[in-house]
Amino acid sequence: MIAALMMLGTSAAFAGDSEALKAVLAAKDFNQASQLLKQNLGSMANAQEKAKAYDYVTKLALKTFDAQNAIEAQNVQAKMLKQKTTPYDTIAYYQSAYDATVNGLECVKYDAQPNEKGKVKPKFTEALTPSLTNTRMQLVNAGNYYAQRNDQDNVLKYWGMFLDTDDNPLFAKAKEGEKQYLGQVAYYTALYANQAKLYDKAEKYADIAMQDPAMRKQAETFKYSMAQMNLKSNADSVAFAKKMRASYEADPKNETVFGILCNMYSGLNMTSELNALLDKAIAADPNNFTAWAMKGQTLVNKLSKEQNPNWDECINDFKKAVAIKNDNSVVLTYLGFAINAKASAINGNVVEQKKLYTESMGFLEQAKTIDPNRAQSNWAYPLYQCYYTLYGADDSRTKELEGMLKK
């Protein structure tokens with residue numbers, strides 16, 4: 001009995017590859033091996049066999065990758081020596097980089113799983129790591145290649161795979177070198193994902209872009225704008241406002257989050273919450289441009305509905321915002337509008353009216369200079385009011401704006 005058990009143990013210990021694995025290892029090209037691996041994966045004996053199969057498939061992909069890489073290197077030298085170059089298959093090169101990366105990571109995944117004795121003994125990971133680091137880097141060039149051709153699907157395929165593996169420990173040593181372009185790649189991939197309506201992916205890539213200080217504000221603005229555009233109900237809006245409130249409390253100096261939270265409160269008619277938020281922000285920082293601007297805008301919305309509004313506080317709030325930051329055409333236009341509203345309410349005092357319109361005109365002309373195409377603010381009508389009152393209907397400046405308003 002003991003002898004029989006010993007024979008059985010020896011047989012198990014030195015068992016050969018399963019038929020499923022042998023089928024994969026017998027394949028001569030990547031496509032055939034990859035297809036056989038998909039078909040036979042579930043029939044393989046254990047994680048170690050799966051790792052071995054993926055290692056083999058990865059090396060077939062690397063064979064194509066290395067061959068195209070060698071041709072490109074030879075062509076660079078040939079161009080320098082003014083010699084004939086060899087045809088180079090760019091698409092095959094990028095596809096093989098993708099194939100090697102995807103399958104290599106699967107190999108590493110199974111290579112890290114314990115064997116039948118419960119021990120982890122990776123056989124392929126160390127040898128594959130340099131190659132996978134290289135092929136993954138080529139995914140950036142591949143995405144750029146397809147971005148230049150406005151090929152959305154392939155941009156998401158290549159840049160998406162690069163970003164989806166950003167947190168993989170296998171590539172930790174390469175992260176320092178990626179800093180120079182990671183934020184831009186992540187931001188533009190987020191834009192493509194948003195166009196494709198892959199909103200979860202878009203948010204994920206925007207989060208990666210926000211890790212880059214140079215891209216943080218741009219990516220953050222996009223992320224929250226996208227989120228706002230996808231709000232479908234009042235409940236969604238309230239939930240998003242709560243999310244923005246939590247983000248603001250975690251980072252009170254974040255102007256982007258603060259501005260969005262103010263807009264959400266305003267849109268939801270949460271007036272008391274908005275006023276409390278603005279007062280608290282101004283108390284903490286009297287030079288908070290966004291807070292003063294939102295305070296003025298809130299009053300515009302309120303006063304526009306009143307029969308006898310007093311515009312002084314509103315005008316004062318906008319002036320404080322302009323004193324802090326005088327290159328925002330939207331605030332300058334709101335200020336001009338508020339001053340015009342005050343002027344139009346004056347009866348029997350032409351001198352005072354013209355004084356106010358003259359003051360308003362200065363702010364509105366400043367808005368015109370900053371935003372001549374009215375992309376951000378519609379300064380044309382309140383400025384037309386100023387010109388009409390101060391210069392008359394036949395003045396060339398009035399006529400110019402009249403024509404602009406008719407378009």
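The structure presented is a predicted model; accordingly, all values stated were derived computationally and were not measured.
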Looking only at atom types and distance, does a side-chain atom of Asp17 sit under 3.5 Å from a main-chain N or O of Lys22, one as donor and one as acceptor? no
For a side chain to side chain contact (heavy atoms under 4.5 Å, CB included) check, start with the C-alpha distance between Leu105 and Tyr54, then their side-chain angles and the critical distance, and finish with the verdict. CA-CA 9 Å; Leu105 289 173; Tyr54 273 111; over 6 Å; no
Residues Lys342 and Asp312 bridged, charged N to O under 4.0 Å: yes
With rounding to the nearest 0.5 angstrom, report the OG1 to CD distance, Thr221 to Gln218. 8.0 Å
Search all heavy atoms of Thr135 against all heavy atoms of Ala100 and return the closest pair with its distance. CG2-CB, 4.0 Å
Using a 3.5 Å distance criterion without hydrogens, assess whether the side chain of Tyr192 forms a donor-acceptor pair with backbone atoms of Asn154. no
Rounded to the nearest 0.5 Å, what's the gap from CG on Leu163 to CH2 on Trp159? Could you check? 9.0 Å
Between Val120 and Gln113, the two heavy atoms sitting closest are CG2-C, 4.2 Å
Under 3.5 Å, is there a donor-acceptor pair between the side chain of Glu313 and the main chain of Asn310? no
Has the side chain of Gln39 got a donor or acceptor atom that lies under 3.5 Å from a matching backbone atom of Ser34? no
Derivation and outcome, salt bridge (charged side-chain N to carboxylate O under 4.0 Å, His left out), residues Asp29 and Lys63: CA-CA 9 Å; Asp29 65 76; Lys63 184 178 179 180; over 6 Å; no
Begin with the C-alpha distance, continue with both residues' side-chain angles, and end with the deciding distance and a verdict on side chain to side chain donor-acceptor pair (under 3.5 Å) for Tyr387 and Glu365. CA-CA 11 Å; Tyr387 287 165; Glu365 287 180 337; 2.5 Å; yes
Assess the residue pair Gln95 and Asp99 against the criterion (side chain to side chain donor-acceptor pair (under 3.5 Å)); give the C-alpha distance rounded to whole Å, side-chain angles, the decisive distance to 0.1 Å, and a yes or no. CA-CA 6 Å; Gln95 182 63 49; Asp99 291 335; 2.9 Å; yes
Do the charged groups of Glu359 and Lys319 touch, with an N to O distance under 4.0 Å? yes
Gln152 CD: over 12 foreign heavy atoms closer than 6.0 Å: yes
Contact between Asp166 and Arg136 at the side-chain level, heavy atoms closer than 4.5 Å - yes or no? yes
Main-chain N/O of Ser233 paired with Ser237 side-chain donor or acceptor, under 3.5 Å: yes
Between Trp311 (side chain only) and Ala345 (backbone N and O only), is there a donor and an acceptor less than 3.5 Å apart? no
Rounding to 0.5 Å, atoms CE (Met244) and CE (Met264) come to a distance of 9.0 Å
Are the side chain of Asp111 and the backbone N or O of Cys107 linked by a donor-acceptor pair below 3.5 Å? no
Basic-acidic side-chain contact under 4.0 Å: Lys253, Asp285: no
Salt bridge flag under 4.0 Å for residues Lys243 and Glu203: yes
Considering all heavy atoms, the nearest Gln211-Pro213 contact: O-CD, 3.4 Å
Straight-line distance of Leu25 CG to Glu49 CD, nearest 0.5 Å: 8.5 Å
State the CG-OG1 distance between Asn194 and Thr189, to the nearest 0.5 angstrom. 12.5 Å
Asp55 and Lys123 ion-paired at < 4.0 Å: no
How about Lys52: does its NZ atom have over 12 heavy atoms from other parts shown lying under 6.0 Å from it? no
What closest approach, in Å, do Ala186 and Tyr205 show between heavy atoms, and which atom pair accounts for it? CB-O, 3.3 Å
Heavy-atom pair of closest approach, residues Ala190 and Ala206: CB-N, 3.8 Å
Tell me, do Asp251 and Val257 make a side-chain contact under 4.5 Å, heavy atoms counted? no
Do Glu106 and Asn103 have side-chain atoms, one donor and one acceptor, less than 3.5 Å apart? no
Neighbour count above 12 (heavy atom, 6.0 Å) for Tyr388 OH: no
Main chain of Arg374, side chain of Asn378: is a donor-acceptor contact present, judged purely on distance under 3.5 Å? no
Using the ring pair (Phe, Tyr, Trp, His ring centres under 6.0 Å) criterion, which residues pair with Phe171? Sequence neighbours excluded. none
By the definition side-chain contact (heavy atoms from CB on, under 4.5 Å), identify the one residue from Glu220, Glu255, Gln228 that meets it with Ile260. Gln228
Proximity of Tyr158 and Tyr146 rings by center, below 6.0 Å: yes
Assess whether side chain to side chain contact (heavy atoms under 4.5 Å, CB included) is satisfied between Phe318 and Val300, documenting all intermediate values. CA-CA 10 Å; Phe318 281 131; Val300 166; 3.6 Å; yes
Looking at Thr398 and Gly392, would you say the former's side chain and the latter's main chain have a donor-acceptor pair under 3.5 Å? yes
Between Arg397 and Asp395 (salt bridge meaning N to carboxylate O under 4.0 Å), is one present in this structure? yes
Are the charged groups of Glu249 and Arg245 less than 4.0 angstrom apart, N to O? yes
Identify the two heavy atoms, one from Leu268 and one from Ala241, that lie closest to each other, and give their separation to 0.1 Å. CD1-CB, 4.1 Å
Tyr187 and Phe222 aromatic ring geometry - parallel, tilted or perpendicular at 30°/60° bounds: perpendicular
For the pair Asp212 and Lys179, find out whether any cationic side-chain nitrogen is under 4.0 Å from an anionic carboxylate oxygen. no
Run Val331 and Phe289 through side chain to side chain contact (heavy atoms under 4.5 Å, CB included) and show every step you take. CA-CA 10 Å; Val331 174; Phe289 165 80; 3.6 Å; yes
Distance (rounded to the nearest 0.5 Å) between Asp371 CG and Ser329 OG: 4.0 Å
For Glu352 and Lys355, run side chain to side chain contact (heavy atoms under 4.5 Å, CB included): C-alpha distance rounded to whole Å, both residues' side-chain angles, the deciding distance at 0.1 Å, then the answer. CA-CA 5 Å; Glu352 183 62 23; Lys355 181 180 177 182; 4.1 Å; yes
Are there more than 12 heavy atoms of other residues, nucleotides or ligands under 6.0 Å from atom CD of Gln77? no
Side chain of Asn40, backbone of Ser43: donor and acceptor closer than 3.5 Å? no
Does some side-chain heavy atom of Asn349 sit less than 4.5 Å from a side-chain heavy atom of Val351? yes
In the structure I gave you, are the side-chain heavy atoms of Gln376 and Ile370 within less than 4.5 Å of one another anywhere? no
Chi angles and distances behind the side chain to side chain donor-acceptor pair (under 3.5 Å) call for Gln385, Asn340: CA-CA 8 Å; Gln385 288 179 306; Asn340 283 9; 3.0 Å; yes
Side chain to side chain, Gln353 and Thr389, heavy atoms closer than 4.5 Å: no
Take atom OH of Tyr199 as the centre, draw a 6.0 Å sphere, and report whether it contains more than 12 heavy atoms from other residues, nucleotides or ligands. yes
Report yes if some heavy atom in the side chain of Asn275 is under 4.5 Å from a heavy atom in the side chain of Lys295; otherwise report no. no
